[in-house]
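Have a look at the structure below before the remarks.
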Amino acid sequence: MVRVLLLLAALSALFANAAQAQQNGFDLAGPDVSVMVRRGDVELPVAAVPALRGGDTLTAKALLPDDQAARYLLVVAFLRGATNPPPKDWFFSVETWNRKKNVLTVTVPEGAEQVLLFLAPEAGGGFSAVRGAVRGRPGVFVRAAQDLYQASLDRQRLDAFVGAIGRIGERAPERLATAAPVLADALRIKLNADCLLRQRALQATCLTQQRDSLVLQAQRGATLTETLTGAPVDLAYRVAATREGGAGYYSPYIGLARDLARLFGAFRSAQYQYLPALALGQGQAIHLQLNSAPSFQNPRSVLVAPLPPIGDAPPPLWRSAAPGALCLARPDLVLPLDDASLLFATDYARDLVLRVTGADGKVATLPLTPDAERGGLVLATGAVQAAGPVTEAVVQGRWGFDAFSGPRVPAQLDGPGAWTVQPDATVIVGRDHPLTLRGGAAACVAGLTLRDAAGLSRSLTWKSAAPDALDVTLPLAKTRPGALALTVVRFGAVAPDQIALTGRAEPSRLDRFTIHAGDREGVLEGARLDQVTGLTVGATRFAAGALTRVGEGDRLTLSSEQPLAEAGENAAVQLRDGRTATVAAMIAPARPVATLLDRRVAYDTPTGALPIELPEGLVPTGATLTFSTRIAGGLSGGEDGVEIANGDTTKRLTIASGAVQRVGDDIAVTTIAPQSAFGAAAAGALRFRPWRGGAAGAWQPLGSLVRLPVLSGAACRERCTVSGRDLFVVAAIGTTPDMKDATPLPAGFVGGSVEVPAAQDALYLRLHDAPDAVLRVKMPTK
């Protein structure tokens, strides 16, 4: 790390002068140059070529105005590495002012790795001077070719973003809030979200401020140039691209000008100085964007612009960003892509189609158009003609001269009648009924509608449980039995699908009524228990309460004003329609009843700490709690015992575990360590209840769990300084039992000491865990 910091300091010193001399804007318009590339029988503008290859034919012409006063020499130079000067015959030139011979046609030599384009003002020996400079220090120009080309791509992403924001801001500013994030993600541009909170008229200007800092690193990895050439830049460049080096997540576009200015500074002569230029693809030509105004007096400025690197162009490594299946028949369908910024910023991609293979083996090709504002590829309107299951959908096209295939897209299509109801078409009315549809393309469902026998239609919501499954809940609480129709509207379908359903009333079913002897509340199990209003066992009347759905049945809670006094084998059930039915009544043994007899808390004060006296009812988290209870009828089996709860956490202590000891027939002694049972951070009320034969008794209070501080000392003169740890559990410290004029501690206090008024022989604490209790702390003897 020290070596990296030293290197950064050295680089900062080297770049200081260059940074003052030039800025990074590249906002000065230069000339246009037409460069066409022919490979075999195909010719493309250089803006559509991601990489050149040995044997390609380049045709270059400077597109200068008719009244161009300064004469430029157009030079094309091929390079073959930083340590290998190119031969003299790898340099070509043409006089741009010679109307009959102003077109340069050259062939990319085998073995070349980079190519640069120069525009040199006319001067004696200009061509020889450029060739000598390149051959003298080829590494500088290799570096320039790589960095300028990458920076040109970055600038094209930035220009695409700025241009789109400008168009939207002029035509539909209300769309900026939704379009800007999509554009920024598609083009890998840093988005200032605060701009979207401004007035609509100011949003576009705010989004495009400080343009240099907006460009993020493309493809989230190696630059395209490094990928094509396999030649990484030097150590200083790699360090400068790290966050520690100042570039953060931004691209080499930032700081490029000052870096190249330093490199080209070594070549400044009385005749020429070299001026880097970005090459921005614009249709049939490239536009040169300059960082500084060129000089036409000695030393005259030679414009240096990159052409694509030489080597095999790797296919685009796009990934589908679709969160789930996509319906190809959807009219607003977009195929979202990750890491596809060059797709939207350049002309490299062409002839894009989606190759769709159906289950029948038939293949269809659907034209695609890149759309940065929507973040992906858009299907041509009316492209989908066929319908049916899709086995594969893959994006194909050309990347420059080369064909590519990928990525695969999770696409769906279906035909009419694909959806069926599982397990059958019979549904139960009188309540909401869950329904599952299977067999079709879930992504292609545009709407679901349910129509009953009376002609009432209701729109339904659904959830895609699988690519070919839908889960929907039918609102049938107020629907009568009879014929129902479920309408499935599909994207691209001429007519919706109709699925016939049969609504039937669920037959009533009474299974059993269960209650513990002596209880006031029991549970009735069965089906259609919403029709039950009450139940009678012997002379005890129970009223219907809460109804819950469990599996395929219902559970209805019924309660009475008095405990069950008389048992019987059957119970009479009253229904809403006035009828009475009979159900088996199961009278379970009475729940155990416990009485707290005694309770003891064992707590050891940490060594060297001031002792804290606990009021009755408080249990320190780190203590051991032992209590005894009298349980009517006693405990029998090894799994009988006592349950203890703190908040939502319950621990069952049993006779078999040894945590519960029996004394005689009806007394149980229980021991628990709250910290082990509930955790060191537990606090609040402790409750207990007996547990016998699978039945639990009523909850009863057992105490209040509190966390205690560890007070290591109290040094007193005019005031007392109380020190210790875990003081955050203390709400206030006082000097009198009534806590009058107590010193409050800030919530979340994590200090190790606090000053309070002078005390005599004791301090008093109020804890956050027990705000109504006062704890006494005995002061150390002097």
Counting distance only, does the side-chain N/O of [X] pair as donor-acceptor with the main-chain N or O of [Y] below 3.5 Å?
| X | Y | value |
| --- | --- | --- |
| S464 | A442 | no |
| H433 | I428 | yes |
| S560 | Q562 | yes |
| R599 | L702 | yes |
| H768 | V730 | yes |
| Q574 | L535 | yes |
| N646 | A683 | yes |
| D640 | G693 | yes |
| T626 | R600 | no |
| R652 | G641 | no |

Decide side-chain contact (heavy atoms from CB on, under 4.5 Å) for L474 and L501; before the verdict, give the C-alpha distance in whole Å, the side-chain angles of both, and the deciding distance to 0.1 Å.
CA-CA 11 Å; L474 305 181; L501 304 176; 4.0 Å; yes

Using a 6.0 Å cut-off, check whether atom [atom1] of [X] has over 12 heavy atoms from anything other than its own residue.
| X | atom1 | result |
| --- | --- | --- |
| D665 | CG | no |
| E616 | CD | no |
| R719 | CZ | yes |
| D598 | CG | yes |

With rounding to the nearest 0.5 angstrom, report the [atom1] to [atom2] distance, [X] to [Y].
| X | Y | atom1 | atom2 | value |
| --- | --- | --- | --- | --- |
| Q422 | L470 | CD | CG | 12.0 Å |
| T540 | R520 | OG1 | CZ | 11.5 Å |
| I515 | L524 | CD1 | CG | 11.5 Å |
| R555 | T514 | CZ | OG1 | 8.0 Å |
| T557 | L529 | OG1 | CG | 10.5 Å |
| I644 | L625 | CD1 | CG | 6.5 Å |

Any heavy-atom pair between the side chains of [Y] and [X] that's under 4.5 Å?
| X | Y | value |
| --- | --- | --- |
| T436 | V421 | no |
| V756 | T721 | no |
| L765 | V774 | no |
| I189 | L183 | no |
| D554 | T548 | no |
| R198 | C206 | yes |
| F542 | E521 | no |
| I672 | F678 | yes |

Regarding T479 and R458, is there a side-chain donor-to-acceptor distance under 3.5 Å anywhere?
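R458 and T479 do have a side-chain donor-acceptor pair below 3.5 Å.
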
Knowing that exactly one of D452, T449, L450 qualifies, which makes a side-chain contact (heavy atoms from CB on, under 4.5 Å) with S457?
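Only match with S457 under side-chain contact (heavy atoms from CB on, under 4.5 Å): T449.
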
Below 4.0 angstrom, N of the basic side chain to O of the carboxylate: do [X] and [Y] qualify?
| X | Y | result |
| --- | --- | --- |
| R591 | D519 | yes |
| R509 | E525 | no |
| D471 | K463 | no |
| R707 | D769 | yes |

Looking at [X] and [Y], what are the two nearest heavy atoms and their distance?
| X | Y | result |
| --- | --- | --- |
| I631 | A668 | CD1-CB, 4.2 Å |
| V642 | F627 | CG1-CZ, 4.1 Å |
| L596 | S628 | CD1-O, 3.6 Å |
| N570 | A584 | OD1-CA, 3.8 Å |
| L460 | T473 | CD2-O, 4.4 Å |
| T426 | R504 | CG2-CD, 3.8 Å |

Pair T671, L653 - check side-chain contact (heavy atoms from CB on, under 4.5 Å), show working.
CA-CA 9 Å; T671 301; L653 306 178; over 6 Å; no

Verify side-chain contact (heavy atoms from CB on, under 4.5 Å) between V573 and T582, making sure each step is shown before the conclusion.
CA-CA 6 Å; V573 180; T582 301; over 6 Å; no

Could you walk me through whether V706 and T621 satisfy the side-chain contact (heavy atoms from CB on, under 4.5 Å) test, starting with their C-alpha distance in whole Å, then the side-chain angles of each, then the deciding distance to 0.1 Å, before giving a yes or no?
CA-CA 6 Å; V706 296; T621 304; 5.9 Å; no

